[in-house]
Amino acid sequence: MNRTITIIPRPLSIEYGDKTIGISKKSVSICINGETRNDIHNTLKTAFKITGIDTSEKGLPVFVDIRIKDNDENNEAYSLNITEEGIRIKAEGINGAFYGCISAGQIISGADGELPQVSISDKPVHSWRGFLLDTCRSFYSTTFIKKMLDACALHKLNILHWHLTDDQGWRFEVPEYPLLTEVGSKRQDNTLPEAIDGFYDEGKESRRWYTDEEIKDIVRYAKERCINIIPEVEFPGHSSALLAAYPEFGCTGGPYHVENRWGIFPDVLCLGNDKIFDIYQAALEKITKLFPSDYIHIGGDECPHERWDVCPKCLERMKKEGLDSTAELQAWGTTKIASMVAALGKTPIGWDEVLENNKHNALPANVIVQSWRGIEGGIKAASMNHKVIMSPCERFYLNFKNKDSFEEPGRLGVTTTKKLYTFSPAGKELKLENPDQKNLILGGECALWTEKLPHSRNAEYLLFPRFCAASETLWLPEEEKDFEDFKVRIEYHKKLLHQLDYRFYEGELE
Ligand SMILES: [Zn+2]
């Protein structure tokens, strides 16, 4: 029999005993000690459900002892012991108890009539373990988003970074500006022909934004899985959808259209126009109502400045603010948006471009920097005492191909599972001026940008198993990771992915 624990992400410490414990069926009966709030039982039941394990009165006993210390419900550490009486989990937070049950569920799911006698002690190295889903380039159903929240929980990821606005679509309602969704969610020219044979056609979906009720439902679903959702509203680039809805916010006045192509577009928000801050104020207030998260992502990436160079309003703003170039306008705008986010009681996050051109407008100290063009942005941000999220594209972008083959889907480059796995956000590749700055590296996010991925089943194929590798690289300290061991475990884990109906790539991992 297989006596090895094949959990992904692998627990920090596993000690094996001599015995095995026979189990007759794959269901559990949960018994909670300590904290016995009503919602906790549901949360733990959900953890087992995510791993494909039912709960029933006559199932294998799982004793969960939760003693919350210092009001820290979110403590993620847990211990797990398999004994002849059943499984014992101890945690000092709801999240730790949840992760203990996820581990127990994975162990039971992989068992073949017997459980190994083990003692596990586990906690993550990083507090920020995220997955970015782009729902702008391709629009996904709430069913798929929930399925991805289950996948996050199964792999102990605690952040879903929800990319909600971009050139190709604006995906949430702002009541004062109804055209953002009515116009900004719809592409003008679908590349696919209209279906005439009754088959599903992506051009025919009528609504391509998420209603408030849908968003609240997703936020609730995430919370039950110990996941925090971070909404992202792009500023000031990647704004074609906003401009298509309200052309007066662009430098030329338009006309503009919701983009059907991918890339970087010259038409961005006119930073000489004060009214753009009204629309962002309304959007940010709405985001604040919908998402309880302490953070709002304000984008900031890939913003060309060529329209600003010839726009009288932008040039006037530059003069008034004493800026040396239009490039510095972006830093000025970032400072303003960041202060609006802070005034709403939230912490702003920006892509690493927010570190540039800020001679006259220093990046506010509270801005967290997400490093995507390699790790250099993260190093620079840490040297300036900013907190950092690592998402270097060549390691953490799951829309890259799995292998260098014309036949494989994916774009922009190749990232094998090994290439991803061997990256650690605060690992040896990170050469910091001062080793203490490592504390500023909160963790990382793997990302799925969804150009050319209109169907979620194809998105899943690109995601797995690299998503699983990302979870382990965010959970374990670098020195505890072992790719050869991961390769063995992923073969067992694939059976679980298959059982849970996730598609995955099956070719070489390195
Ligand atoms: Zn302008």
Side-chain angles (χ1 to χ4, degrees), residues 136 164-170 174 176-185 188 232-287 296-341 343 348 350-364 367:
C136 300
L164 282 164
T165 76
D166 214 302
D167 295 301
Q168 296 79 9
W170 184 283
V174 181
E176 299 89 334
Y177 297 89
L179 301 184
L180 283 174
T181 38
E182 281 172 30
V183 172
S185 68
Q188 305 300 297
E232 179 179 358
V233 185
E234 279 274 12
F235 173 93
H238 286 301
S239 47
S240 304
L242 185 155
L243 293 178
Y246 295 99
E248 63 270 33
F249 295 123
C251 291
T252 65
Y256 307 105
H257 62 276
V258 181
E259 277 296 346
N260 196 42
R261 304 164 296 162
W262 329 115
I264 300 172
F265 303 101
D267 285 303
V268 300
L269 300 172
C270 176
L271 293 196
N273 183 349
D274 283 330
K275 291 209 169 97
I276 61 162
F277 297 105
D278 296 341
I279 195 168
Y280 270 80
Q281 183 64 32
L284 293 171
E285 280 175 14
K286 184 60 186 292
I287 283 282
I296 296 179
H297 203 298
I298 55 173
D301 59 316
E302 299 182 325
C303 178
H305 306 137
E306 60 196 82
R307 292 287 186 263
W308 299 348
D309 286 330
V310 291
C311 169
K313 281 186 271 184
C314 285
L315 293 172
E316 182 59 32
R317 171 84 70 200
M318 202 182 101
K319 211 169 132 192
K320 197 174 144 201
E321 299 295 334
L323 307 174
D324 301 330
S325 69
T326 47
E328 290 182 358
L329 256 186
Q330 182 167 345
W332 173 83
T334 301
T335 307
K336 196 154 166 76
I337 288 286
S339 69
M340 287 160 60
V341 169
W351 296 107
D352 57 46
E353 284 94 332
V354 298
L355 291 161
E356 294 169 358
N357 303 308
N358 48 16
K359 185 175 127 196
H360 295 285
N361 290 279
L363 185 65
V367 177

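Whatever order the structure lists ligands and atoms in, that order sets their numbers, starting from 1.
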A.B. asks: How about H238 and D301: do any of their side-chain heavy atoms sit closer than 4.5 Å?
C.D. replies: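 H238 vs D301: side chains touch.
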A.B. asks: Is the shortest side-chain heavy-atom distance between Y256 and P247 below 4.5 Å?
C.D. replies: yes
A.B. asks: For residues 264-278, run the donor-acceptor check on the side chains, cut-off 3.5 Å, and write out each pair with its distance to 0.1 Å, sequence neighbours left out.
C.D. replies:
| residue | atom | partner | partner atom | Å |
| --- | --- | --- | --- | --- |
| D267 | OD1 | R307 | NE | 2.7 |
| D267 | OD2 | R307 | NH2 | 3.4 |
| N273 | OD1 | K275 | N | 2.9 |
| N273 | ND2 | E248 | O | 3.2 |
| D274 | OD1 | R317 | NH1 | 3.3 |
| D274 | OD1 | R317 | NH2 | 2.6 |

A.B. asks: Hey, which of V367, I296, T334 is the one that makes side-chain contact (heavy atoms from CB on, under 4.5 Å) with P348?
C.D. replies: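 When V367, I296, T334 are each tested with P348, the side-chain contact (heavy atoms from CB on, under 4.5 Å) holds only for V367.
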A.B. asks: What's the verdict on side-chain contact (heavy atoms from CB on, under 4.5 Å) for N361 and L323, showing C-alpha distance, side-chain angles and the deciding distance?
C.D. replies: CA-CA 9 Å; N361 290 279; L323 307 174; 3.5 Å; yes
A.B. asks: Does E259 offer a backbone N or O that forms a donor-acceptor pair with the side chain of H257 under 3.5 Å?
C.D. replies: no
A.B. asks: Less than 2.8 Å from the Zn ion (ligand 1) is the window; count the protein N, O or S atoms in it.
C.D. replies: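 Those protein atoms number 4 in total.
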